[in-house]
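Every chain is numbered from 1, with letters handed out A, B, ... down the list of sequences. Only a predicted model underlies this, so the values are computations on that prediction, with no experimental measurement involved.
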Amino acid sequence: MPELPEVETIKMGLEKYLVGHRVEKIEVRLKKILSGGEEHLVGGKIIAVRRFAKVLCLDFDNGYSALMHLKMTGQPIYRGPNLKTPTHLSEKIVGGLPGIHTHVVFHLDRGGNFYFNDFRRFGWIKVVKTQELKGDVFVGKLGPEPLRDLTEEMFEQIVSKTKKSIKVLLMDQTKIGGVGNIYANDALFLAGIHPKRAANSLDQNETLNLFKSIEKVLKDGIKYGGASEHAYVTSEGLEGRYQEHFLVYDRAGLPCPNDCGEKIQKTNLGGRGTYFCPKCQK
DNA sequence: CTAGGATCCTGTCAGC
DNA sequence: TGCTGACAGGATCCTA
């Protein structure tokens, strides 16, 4: 599922392909996906692509923006001029492109198309005035982001203020922006902290260690172009490679990467699959 | 305040 | 082989 590194990878691609292009027509095939009125975007030129935690944002020259949340299976894909491998597409794009799971199509000038695919239909696109972005019910409530504005001091504050389990806290978008299940699991492993620990039970050393571990796994995620273990593909429709570097995520029953002799265990926390090494994570 | 369950959806996979 | 049912998961909402 697309988290900060995946959305950042997509963002960099879309920046390359969409900026400077005008939207000639928008096809909304599934109404519930797009709210706020696609008509505001038609005729507008895309002047910037931004990312707020896991949310993508296309800014138009007419004062409107399109916010996009991919949830688990959203796939924003560009097809058209400038692509190095225009014919190649990942098998993770189920139903073809455009296909049965293509819910919104942005027709661009110069023959490009921007597709929003989502076979689970949880993702959304919201059209808002650029000036009112921060008032959006989702974007406005996002917490500070690692690798951007989350400092060690802020992290210590956030962690010390709750007895919620540390993993659930890491994934709470209103507290910390951008971290999802994959990177929360791997960061906790790297820091040697058990996912069920109460956040406020971490000492200063553990908190600092976790802060650095989060930055490390997110940077690795970006370095490898994101994790394509489920539906994630880049804006070119290609796969990332972080799944080849998972530490504990999705590795139940496999040996601990520290070679401690234990096997990775899977449990459930906050309704999410949670992976950890019972020996290395205290 | 916190924990846990239900909800939205459909591809995938285990079990028969 | 083919069908059925359980399951996963980001975020929200509801109940305990």
side-chain hydrogen bond (donor to acceptor under 3.5 Å, both in side chains) assessment of A/T102 paired with A/N117: CA-CA 4 Å; A/T102 304; A/N117 265 31; 2.7 Å; yes
A/H69 NE2 to B/dC9 P, straight-line distance once rounded to whole Å: 16 Å
Nearest-angstrom distance from the residue atom CE of A/M72 to P of C/dC7: 16 Å
Lys/Arg-Asp/Glu bridge criterion (N-O < 4.0 Å) met for A/K216, A/D186: no
Gap between atoms CD1 and C1', on A/I33 and B/dC8 respectively (whole Å): 11 Å
Under-4.0 Å salt bridge between A/E206 and A/R197: yes
Nearest-neighbour nucleotide for the A/K71 side chain, C/dG10, B/dG11, B/dT2 considered: C/dG10
Atom-pair distance (NE2 on A/H103; C1' on B/dT10), nearest Å: 10 Å
Distance in angstrom units between A/E3 CD and C/dG10 P, rounded: 7 Å
Touch class at under 4.0 angstrom, heavy-atom based, for A/K196 against every strand present: nothing
Sugar-phosphate only, base, or nothing, as touched by A/G273 at under 4.0 Å among non-hydrogen atoms: sugar-phosphate
Interatomic distance where NZ belongs to A/K161 and C1' belongs to B/dT2 [whole Å]: 16 Å
Sugar-phosphate, base or nothing in reach of A/F119, heavy atoms under 4.0 Å: sugar-phosphate
Interatomic distance where NZ belongs to A/K164 and C1' belongs to B/dC1 [whole Å]: 9 Å
Sugar-phosphate only, base, or nothing, as touched by A/Y249 at under 4.0 Å among non-hydrogen atoms: sugar-phosphate
Atom pair distance, as rounded to whole Å: OH in A/Y183 and C1' in C/dG10: 16 Å
Touch class at under 4.0 angstrom, heavy-atom based, for A/T73 against every strand present: nothing
Test log, rule side-chain hydrogen bond (donor to acceptor under 3.5 Å, both in side chains), inputs A/S65 and A/K129: CA-CA 6 Å; A/S65 295; A/K129 286 185 178 157; over 6 Å; no
Touch class at under 4.0 angstrom, heavy-atom based, for A/R121 against every strand present: sugar-phosphate
